[in-house]
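Worksheet: one structure, shown below.
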2 protein chains.
Amino acid sequence: MALPPLDRHSVVPLYYQIQQRLLQQIRSGALKGGEPVPSEQEISAQLGVSRMTARQALKSLCDLGFTYSQRGKGTFVSGIKLEKDFRQVLSFTEEMKARGSKPRSKVLAFEVIPAADDVAEALHVRTQEKVISLQRIRIANALPMGVEHSYLPLQLCPGLFEAFDPQTSLYRALSELYGIRLIVADEVVEAGLAGAEEAKLLKVSKGSPVFLFTRTSYVQSGQPVEYVRSVYRADRYKIVNRLTRLHSELLAPVRLV
Amino acid sequence: MALPPLDRHSVVPLYYQIQQRLLQQIRSGALKGGEPVPSEQEISAQLGVSRMTARQALKSLCDLGFTYSQRGKGTFVSGIKLEKDFRQVLSFTEEMKARGSKPRSKVLAFEVIPAADDVAEALHVRTQEKVISLQRIRIANALPMGVEHSYLPLQLCPGLFEAFDPQTSLYRALSELYGIRLIVADEVVEAGLAGAEEAKLLKVSKGSPVFLFTRTSYVQSGQPVEYVRSVYRADRYKIVNRLTRLHSELLAPVRLV
DNA sequence: GAGTGGTCTAGACCACTTT
DNA sequence: AAGTGGTCTAGACCACTCG
């Protein structure tokens, strides 16, 4: 398992170069599920890095879920597929492109309004504080998928109301104009039946099954940036989740077993 | 921010002792969202550990989402709540207990059968290979919540059919009898309407909104262990998710910004 | 310039698994 | 006994932020 030499003058960290090489071998199928990846000692010796650096590369692969380690035995490629389209914190635009669909939006309303109680609570602002309100029909491949109603604190993105074209990706605008990157979101999903108004907008018959989403998205610091309530057609939209067992308390280094 | 001394003779790693102390301060509110946690140098000096050990403690807190680091500035407590009941890889029993409900099951069928095509594909076994089939009505606080149909490869848990009381927690049995720990699951969620048979079992009227789950659970190595199809009442069951932005490719050490 | 986190080294001892 | 990952040390240089 000879690895190509490292670029020691690159700004790219050594551990990251190593991680990428291993990742490529996993993705290409050269390393298959269940097979061992090179040990820390092997990497250290073959690439001429310290063992801690080799370890950091392997650790990062484990953290990403590509491999798993067993003390005394080695580090092995996980058989779990990772390149799938699980739901992440993605804008509708990103999500649809990832699924190979052509996203479009029809703007129903775009305005600055005072926050109602539920919006204020979700966004951690005072009631009546000004928020941007954006209602859009979400369309994929010319078919209506859902109706979204987003709220953002005006304070966090002053000028957005003037600068943003509501036909385009909100997430992109937040990133490019303000450096705001949403990295975590909490959502509640309910299943229900389309009401008269929703049915009309979504072009389904009243009483059709729909998903109801209530989502709040946060930046790294925990500051909420976007609160969204949406209704999606259940016949055109499925939820694909990857669930993990949380370490929570169990993050203790596992002795025994 | 004086920290109590470490137990250097404990089997518990130093970095973990440090992490737990900091975690306690975060949980207790002594360290609030946005506030800096002690720097690597401070921890190193005050507790008499090497900087790498202090760093490992802080890194683990970041990995768990309790803090975030900014180069040149420090490490700060994340304002994102973490103790919530997001969906994880949990058994119905665990999930309901976490929500404060009293779980119960009514077994509809428990048998060993040959795998149909979809089951075989999900569990990575050959078609017609023997699998354990378990159908249960899931009940919380004496109210029917959903109907589950689980399949497990008989090969992975020989004797389970004889040893397991299907009224109890399947996950607990897998863990205790075979050391099998499910740590990741992929699921597809759909929204639909209850059919005649489901309506009867769930005690709702036909056409009521329901969730349809299709889930496959895996152990660390990627070996699938359980394939479940289930129907849940949408009026009694909500989905609470935490979504994250996946590092995927972007796991590159962030320069610039 | 002082303080911070990010990377890296060259060792060390340990617990564990396998042969 | 040999090999593995897990922990730990005592340094080092760097890029970055802030006053």
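Rounded to whole angstrom, the span from the CG atom of B/D7 across to the P atom of D/dT7 amounts to 16 Å. For the pair A/L47 CG and C/dT7 P, the interatomic distance rounds to 18 Å; values are reported in whole Å. D/dG5 atom C1' lies 13 Å from atom CD of B/Q220, rounded to whole Å. Counting to the nearest Å, the C1' atom of C/dG5 and the CZ atom of B/R71 are 7 Å from each other. In this structure, CZ of A/R8 is placed 15 Å from P of C/dT7, rounded to the nearest angstrom. Atom pair A/Q56:CD and D/dG6:P shows a separation of 14 Å (rounding to whole Å applied). The CD-P distance, from B/E40 to D/dC16, rounds to 17 Å in whole Å. At whole-Å resolution of the value, CD in B/Q19 and P in D/dC8 are 12 Å apart.
Relative ring orientation between B/F110 and B/F161 is described as tilted, the plane-to-plane angle lying within the 30° to 60° band.
For D/dC8, the OP1/OP2 oxygens have no side-chain nitrogen or oxygen of B/S50 closer than 4.0 Å. Close to D/dG5, at under 4.0 Å from its OP1 or OP2, lies a side-chain N or O of A/Q41. Distances shown here put every side-chain N or O of A/R51 at or beyond 4.0 Å from the OP1 or OP2 atom of C/dG11. Applying the 4.0 Å criterion to OP1 and OP2 of C/dC16, one finds that A/Q70 has every side-chain N and O outside that range. At the phosphate of C/dC8, neither OP1 nor OP2 sits under 4.0 Å from any side-chain N or O atom of B/R55. OP1 or OP2 of C/dT9 sits under 4.0 Å from a side-chain N or O of A/T53. Applying the 4.0 Å criterion to OP1 and OP2 of C/dG5, one finds that B/T75 has a side-chain N or O inside that range. The shortest distance between the side-chain N/O atoms of A/K73 and the OP1/OP2 oxygens of C/dT18 is below 4.0 Å.
Looking at A/Y15, its side chain never comes within 3.5 Å of a backbone N or O of A/M52 through a donor-acceptor pair. Looking at B/S175, its side chain never comes within 3.5 Å of a backbone N or O of B/R172 through a donor-acceptor pair.
A distance of 10.5 Å separates CG in B/L31 from CD in B/Q24, rounded to the nearest 0.5 Å.
Considering A/L170, A/V112, A/L134 in turn, A/L170 is the only one that fulfils the side chain to side chain contact (heavy atoms under 4.5 Å, CB included) rule with A/L160.
Taking the nucleotide of DNA chain D with the nearest heavy atom to each of A/S69 and A/M52, the more 5' of the two is matched to A/S69.
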